[in-house]
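Presented below is the structure to which this report refers.
This chain uses plain numbering: 1 for the first residue, then up along the sequence.
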Amino acid sequence: MKAKTEAVAEGTATEQQWTPVQRVVFPGESDTSLWPLYVDWGVAPSSAALSASQGDQNVLTLRQFEMPRGVDATRTSILIPARERLSLATYFNAFPASYWQRWTDVRNIRLTLKLSKRAVVEVMRSSARGTFTPVATRAGSGELSFDIPLNRFGDGGWIWPEITALKEDVELEWGTWSVPTREGDRHANVTVGITTYNLPEDCLTQAERFQAEPEVLDHIAEILIVDQGNKNVKDCERYPRLQEELGSKLRVIEQANLGGSGGFSRGMYEMLKNPDSDYVLLLDDDAVIEPEGLLRALAFAEHTLTPTIVGGHMFNANERTILHSMGETIDAHKFWWGAVNPELATVDLAQRTIRNDPRLNRRIDVAYNGWWMCLIPKPVVAEIGLSLPFFIKWDDSEYGLRAAEHGFPTVSLPGAAVWHVPWTEKDDGLDWQAYFHQRNRWVAALLHSPYPRGASFPKTSLASDVRALLSLQYYSADLRRQGLRDVLLGPGHLHPSMHTRAAEARAKAKEYTDARLMTEAADFPAVHRKKPAPVGTKPDSRAQFMSKAIAGITKQFLPEGEHREDRVEDVLSSTDARWWRLANLNSALVSNAEGSGAWRYQRDAKHYRRALAESIALHAELIRRWASLSREYREALPELVSVQAWEKTFGLK
């Protein structure tokens, strides 16, 4: 009876034209490890068992993925062996119903499957609690359609089909999810804006991914590569052939290195000038996109209730079934970014599925989306401007906050994603980028913090400086203070510094032992400690935290003792190099996150005292001037992000 009330079989609905918004796709010839993101096999846990497991992470059933023998697939078709059950309750093939219900004007969705032979199709839906139930069941062959209302997915839930082959192998020839066609629907086009610095081959590979998908390429106004390096795209062997094949759909612009914000702002700028482009898709050069995600993001954006930024999720490029980011937010009190649900920051979709993990069924609303993949409508850019001239860091999060203040939401859409190296495997808080982390966070807070004097943000900023100094990371600590000094200069320094600050920050590295990476084991100093200090352990209480902090701070004022270039007191991995361990040492060899080398950390009491005093003074000055600086930056914002200001920075005027 439920099937009659919740789904309507083909032929019983009134005559209606339908527009596809999501295709059923498979990974084709790509890495076989990706299959769990597209398909599931066999019988999943029952709804009752799943419901009983809620709240107890340890009893959730892990998927043991295994492809049946005899499976053959193309990009849009798959062979289901006799007596096998194919489930599409997967990241790339289930329909994210709750997102469509919350953010669009669509109230009915149609699933159509083309089957070569008779099979049983069961259409399932889930709730935000992770329970699931069938909404329609039908046996047949050929084209089978099911209409499902989008009215019961307020806080979460997906829809997906499960297909059981009977006595014969059955080919799922294709499948689509469609919405009612509206009067005035258009063929929307996208400018794909790829910013690169010395990764030209990756950019061309990205273009080839789109070229291989005619349905996707049909919606691309142009693939715009903003080349800011000295290893140029146009010098690649593949470039002439690809340029000839793609014609006007591929364009390369060479400009000075203006970082991610400069490259992506150029993409926004060129999209605004192009009458045939309705959106800009910002895409990292080293991100590997699932091309179908572009179509899904575009279709979703075309149906949102108001112009909406539609972002894609990030999978870990090194562990390709791990979903590294399913939604980002900003803690307004600390003014720091992070996952909306930290439990989903490293979920492995080879083991967890919609059917066995309730957390994956809840809709996640975000404050912004990273610019590893982000679709921005032309009206949004036209109203709120381009990126702030930040070079790198906080440009994407600030843009999301600014858009929201203008009434434009951001949605991170399941089923649209890239594979990208996660920030947990980078040291960008320790190298030259530390300057931009600090300066840009402060500027963003002055612009968008709802609290007088930033609530606890200045305190956490000072704590980060102290932590860096206790960790003997003098290079990054000094860059952070330079960032604070520049914030005090006011907004006028932002555009002019786009051409200079990164190079200046890199150049300072030669002044610090903790910034010179040693890559040859033969160069590593020996480990020698006359009186080993207790091994530092992570403080697990406020009392322990204060005790270790006081002891560490006190030690920094004491003489360093004997200093020998050929010796250090300890060797630490990047994951173990925490302040509560380093604060006990006079010197240490610390490996980098990538595993390609190590830095030498050396305690310097005089440097510590001078740096700590300056950091305290700078933070005090920023707090004292918070109101006036906030007003100054907010008044300057429209000009900073304007087309005219960026044209000068691009060197166009």
**OP:** May I have the step-by-step check of side-chain contact (heavy atoms from CB on, under 4.5 Å) for Asp514 and Leu472, ending in yes or no?
**Re:** CA-CA 8 Å; Asp514 58 286; Leu472 317 183; over 6 Å; no
**OP:** Provide the closest heavy-atom pair for Asp465 versus Gln438 in the form atom of the first, atom of the second, distance.
**Re:** OD1-NE2, 3.7 Å
Original post:
Can we say Arg102 and Asp365 salt-bridge, meaning some charged N sits less than 4.0 Å from an Asp/Glu carboxylate O?
Top reply: no
Original post:
Taking the inter-plane angle between the rings of Trp626 and Phe457 on a 0 to 90° scale, is it parallel (under 30°), tilted (30 to 60°) or perpendicular (over 60°)?
Top reply: perpendicular
**OP:** Determine yes or no for a side-chain-to-main-chain donor-acceptor pair under 3.5 angstrom, with Gln211 supplying the side chain and Leu217 the backbone.
**Re:** no
**OP:** Give a yes or no on whether a salt bridge exists between Arg402 and Glu405, defined as a side-chain N under 4.0 angstrom from a carboxylate O.
**Re:** no
**OP:** For the pair Thr513 (side chain) and Arg600 (backbone), establish whether a donor and an acceptor sit closer than 3.5 Å, ignoring hydrogens and angles.
**Re:** yes
Original post:
Any sub-3.5 Å donor-acceptor pair from Gln243's side-chain atoms to Gly247's backbone N or O?
Top reply: yes
Subject >> Carboxylate-amine/guanidinium contact Asp227 Lys234, below 4.0 Å >> reply: no
Subject >> Side-chain ion pair, Glu614 and Arg485, N-O less than 4.0 Å >> reply: yes
**OP:** For residues Trp442 and Tyr633, establish whether the separation of their ring centroids is below 6.0 Å.
**Re:** no
Subject >> Under 3.5 Å side-chain donor-acceptor pair for Glu222 and Ser248 >> reply: no
Original post:
Any sub-3.5 Å donor-acceptor pair from Arg441's side-chain atoms to Phe335's backbone N or O?
Top reply: yes
**OP:** Verify the distance criterion only: is there a donor paired with an acceptor across the side chains of Asn369 and Asp396 at less than 3.5 Å?
**Re:** no
Original post:
With a 4.5 Å limit on heavy-atom distance, are the side chains of Phe391 and Arg501 in contact?
Top reply: no
Subject >> Backbone of Leu446 reached by a side-chain donor or acceptor of Ser449 within 3.5 Å >> reply: no
Original post:
Between the side chain of Asn198 and the main-chain N/O of Asn230, is any donor-acceptor distance below 3.5 Å?
Top reply: yes
Subject >> NE2 on His619 to CZ on Arg481, rounded to 0.5 Å >> reply: 10.5 Å
**OP:** For Thr329 and Val340, indicate whether the former's side chain and the latter's backbone hold a donor-acceptor pair under 3.5 Å.
**Re:** no
Original post:
Hey, would you say the Tyr38 and Phe92 ring centroids sit under 6.0 Å apart?
Top reply: yes
Original post:
Taking the side chain from Arg251 and the backbone from Leu224, do they hold a donor-acceptor pair closer than 3.5 Å?
Top reply: no
**OP:** Verify salt bridge (charged side-chain N to carboxylate O under 4.0 Å, His left out) between Glu215 and Arg75, making sure each step is shown before the conclusion.
**Re:** CA-CA 12 Å; Glu215 295 85 355; Arg75 180 62 167 150; over 6 Å; no
**OP:** Search all heavy atoms of Gly454 against all heavy atoms of Pro458 and return the closest pair with its distance.
**Re:** O-CD, 3.6 Å
Original post:
Counting N and O atoms only, with roles assigned by atom type, does the side chain of Tyr99 sit under 3.5 Å from a partner on the main chain of Ile364, one being a donor and the other an acceptor?
Top reply: yes
Original post:
Which heavy atom in Thr308 sits nearest to a heavy atom in Pro409, and how many Å separate them?
Top reply: CG2-O, 3.4 Å
**OP:** Mind telling me whether Trp599 and Tyr601 have parallel, tilted or perpendicular rings, with 30° and 60° as the class edges?
**Re:** parallel
Original post:
Trp337 versus Ser397: any side-chain heavy-atom pair under 4.5 Å?
Top reply: yes
Subject >> Parallel, tilted or perpendicular: rings of Trp336 and His437 (30°, 60°) >> reply: tilted
Original post:
Would you say Lys249 has more than 12 foreign heavy atoms packed within less than 6.0 Å of its NZ?
Top reply: yes
**OP:** Supply the atom-to-atom distance Leu34 CG to Thr321 OG1, rounded to the nearest 0.5 angstrom.
**Re:** 8.0 Å
Original post:
Quick one: are the ring centres of Tyr399 and Trp371 less than 6.0 Å apart?
Top reply: yes
**OP:** Mind checking side chain to side chain donor-acceptor pair (under 3.5 Å) for Tyr512 and listing every partner two or more places apart, or none if nothing turns up?
**Re:** Asp478
Subject >> Non-hydrogen atoms of Ala403 and Ile309 that approach each other most closely >> reply: CB-CD1, 3.7 Å
Subject >> From Glu208 atom CD to Glu201 atom CD, the distance as rounded to the nearest 0.5 Å >> reply: 9.0 Å
Original post:
Just checking, is any N or O donor in the side chain of Ser464 or Arg467 under 3.5 Å from an acceptor N or O on the other one?
Top reply: yes
**OP:** Return the minimal non-hydrogen interatomic distance between Met271 and Ser277, and the atom names on each side.
**Re:** CG-OG, 3.5 Å
Subject >> Criterion side-chain contact (heavy atoms from CB on, under 4.5 Å) on Leu344 and Leu323, from CA distance to verdict >> reply: CA-CA 7 Å; Leu344 294 178; Leu323 184 58; over 6 Å; no
**OP:** Taking the six-membered ring for Trp and the single ring otherwise, decide whether the centroids of Phe650 and Tyr269 are under 6.0 Å apart.
**Re:** yes
Original post:
Would a 4.5 Å heavy-atom cut-off, applied to side chains only, mark Thr304 and Val411 as touching?
Top reply: no
**OP:** Flag the pair Leu637 / Leu388 as yes when at least one side-chain heavy-atom distance between them is below 4.5 Å, and no otherwise.
**Re:** yes
Original post:
With a 4.5 Å limit on heavy-atom distance, are the side chains of Leu246 and Phe210 in contact?
Top reply: no
Subject >> Any donor-acceptor N or O pair under 3.5 Å, side chains Ser615, Arg480 >> reply: no
**OP:** Start with the C-alpha distance between Gln206 and Asp202, add both sets of side-chain angles, then the distance that settles side-chain hydrogen bond (donor to acceptor under 3.5 Å, both in side chains), and finish with yes or no.
**Re:** CA-CA 6 Å; Gln206 200 80 275; Asp202 289 358; over 6 Å; no
Subject >> Electrostatic pair Glu504-Lys508, nearest N-O below 4.0 angstrom >> reply: no
**OP:** Could you tell me if the ring centre of His495 sits under 6.0 Å from that of Trp646?
**Re:** yes
**OP:** State, without any angle test, whether Tyr279 and Glu302 hold a side-chain donor-acceptor pair at a distance under 3.5 Å.
**Re:** yes
Original post:
Under 3.5 Å, is there a donor-acceptor pair between the side chain of Asp431 and the main chain of Gln433?
Top reply: yes
Original post:
So, do His499 and Leu258 sit near enough that their side-chain heavy atoms are less than 4.5 Å apart?
Top reply: yes
**OP:** Mind running side-chain contact (heavy atoms from CB on, under 4.5 Å) on Leu622 and Val487 for me, showing each step along the way?
**Re:** CA-CA 8 Å; Leu622 283 161; Val487 172; 3.7 Å; yes
Original post:
Under 30°, 30 to 60°, or over 60°: which ring-plane class applies to Trp100 and Phe300, parallel, tilted or perpendicular?
Top reply: perpendicular
Original post:
Would you call Arg238 and Glu245 a salt bridge, using N to O less than 4.0 angstrom?
Top reply: no
Original post:
side-chain contact (heavy atoms from CB on, under 4.5 Å) between Asn318 and His324: does it pass, once the steps are laid out?
Top reply: CA-CA 11 Å; Asn318 299 324; His324 189 69; over 6 Å; no
Original post:
Does a salt bridge link Arg624 with Glu621, judged by any charged N lying under 4.0 Å from a carboxylate O?
Top reply: yes
**OP:** Working to the nearest 0.5 Å, report the span between CD1 of Ile289 and OG1 of Thr205.
**Re:** 13.5 Å
Original post:
What distance separates Met498 CE from His493 NE2, expressed to the nearest 0.5 Å?
Top reply: 11.0 Å
Subject >> Over all atoms of both residues, closest heavy-atom pair of Asp278 and His187 >> reply: OD2-O, 4.3 Å
Original post:
Quick one: CG on Asn189 to CG on Asn274, what's the gap to the nearest 0.5 Å?
Top reply: 8.5 Å
